[in-house]
Amino acid sequence: MAADAEQIIAALRASGGRMTGPKRAVVTALVEAREHTTAEDLAAAVQRKHPDVNESTIYRNLHILEDLGLVEHVHLGHGPAVYHLREMAHHHLVCESCGKVQELPESTLRPLARKLKAEYRFTANPRHFAICGRCEACE
Ligand SMILES: [Zn+2]
Ligand SMILES: [Zn+2]
Ligand SMILES: [Zn+2]
């Protein structure tokens, strides 16, 4: 699941994106984030290292990175969305009872996505929302 901040920054440059300090700081914070990170957590992480960067700049850059397709948000439940680097994207199983989150590789839902495309002409984006249910412990 490791992605390298420098690699992503290089890809961003190669695609013609301007790599400003705040963008670099947001990418680095996403690479370093261990837990699922909301925009608010991310802003706090960036500001710990770069107290001079204000919150609105961080949010703006997060959305620019999302528009560029380098960052994605996911809804794990009723709370605020969490953010991932596209390179580190995966699917989520969320337990409705205890809130436990499990990660699945992207390949897991590929057969379903293929079926939806073939039979319903629907291009699914199963990464946007988690799959809800019950974990083993709560069953
Ligand atoms: Zn995740
Ligand atoms: Zn559970
Ligand atoms: Zn959304």
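Remember, it's 1-based here, ligands and their atoms both numbered in the order they're listed.
- Closest N/O/S atom of His73 to the Zn ion (ligand 3): NE2.
- Between Glu72 and Arg86 there is a salt bridge, since a side-chain N of the basic residue sits under 4.0 Å from a carboxylate O of the acidic one.
- Sorting the N, O or S atoms of His90 by how far they are from the Zn ion (ligand 1) puts NE2 first.
- Tyr59 contributes atom OH, which lies 5.0 Å from atom CD of Glu40 (distance to the nearest 0.5 angstrom).
- In this structure, His128 and His73 have perpendicular ring planes: the angle between them is above 60°, well past the 30° mark.
- Rounded to 10°, the angle formed at the Zn ion (ligand 2) by SG of Cys135 and SG of Cys95 is 110°.
- With the Zn ion (ligand 2) as the vertex, SG of Cys138 and SG of Cys98 span 110° to the nearest 10°.
- Using cut-offs of 30° and 60° on the angle between ring planes, the pair His90 and His84 is perpendicular.
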